Amino acid sequence: MGGRGRARRRGPPRAHVLGGAPDEEGRTWTDLYGIAPAGAVLVRPDGHVAWRAPDAVPDHDGTLRRVVRAVLSLEEPPGR
């Protein structure tokens with residue numbers, strides 16, 4: 001087991017495109033997360049939302065790289 005504050009390796013990140021039927025109150029997952037259909041959410045393995053983009057970002061590959069580095073405390077978060 002790793003030392004305190006160190007993440008265990010869980011393999012490469014997985015990407016999912018979410019959709020599907022609204023819940024019983026007519027809300028979709030994008031309504032619940034407060035994002036547009038072109039937005040994005042980065043969820044940590046423990047289920048906490050680490051970052052979200054309410055709408056599409058111009059450079060999605062570069063933005064995701066910067067966000068992951070920021071979440072891992074390797075650089076400042078985007079927009080700062």
Side-chain angles (χ1 to χ4, degrees):
M1 194 91 111
R4 191 181 334 179
R6 298 185 80 133
R8 291 184 298 162
R9 284 203 77 111
R10 298 177 183 264
R14 295 181 303 243
H16 300 275
V17 176
L18 302 177
D23 68 7
E24 61 278 352
E25 295 177 23
R27 299 173 301 187
T28 63
W29 79 270
T30 56
D31 296 328
L32 297 171
Y33 275 92
I35 63 171
V41 179
L42 178 64
V43 182
R44 297 183 337 195
D46 62 3
H48 286 81
V49 174
W51 172 83
R52 69 187 179 100
D55 209 340
V57 294
D59 173 19
H60 51 82
D61 288 336
T63 300
L64 182 58
R65 282 187 185 92
R66 286 188 301 279
V67 166
V68 169
R69 289 183 60 79
V71 168
L72 296 174
S73 298
L74 301 174
E75 67 181 40
E76 286 294 314
R80 285 197 178 176

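The model shown is predicted, which means the values in this text are computed figures rather than measured ones.
T63 pairs in a side-chain hydrogen bond (donor to acceptor under 3.5 Å, both in side chains) with only one of the listed residues (H60, R66, R65), which is R66.
Taking 4.5 Å as the limit, every side-chain heavy atom of L42 sits out of range of all side-chain heavy atoms of V49. Side-chain contact check for V41 versus I35: some heavy-atom pair is nearer than 4.5 Å.
Under the salt bridge (charged side-chain N to carboxylate O under 4.0 Å, His left out) criterion, R52 pairs with no residue, sequence neighbours left out.
Residues A36 and T30 share a closest heavy-atom pair of O-CG2, 4.0 Å.
Following chains of ILVMFWY side-chain contacts shorter than 4.5 Å, one can reach V68 starting from W51, so the two form part of one hydrophobic cluster.
Residue pairs meeting the salt bridge (Lys or Arg N to Asp or Glu O under 4.0 Å) criterion with at least one member in residues 26-40, sequence neighbours excluded: D23-R27, E25-R27.
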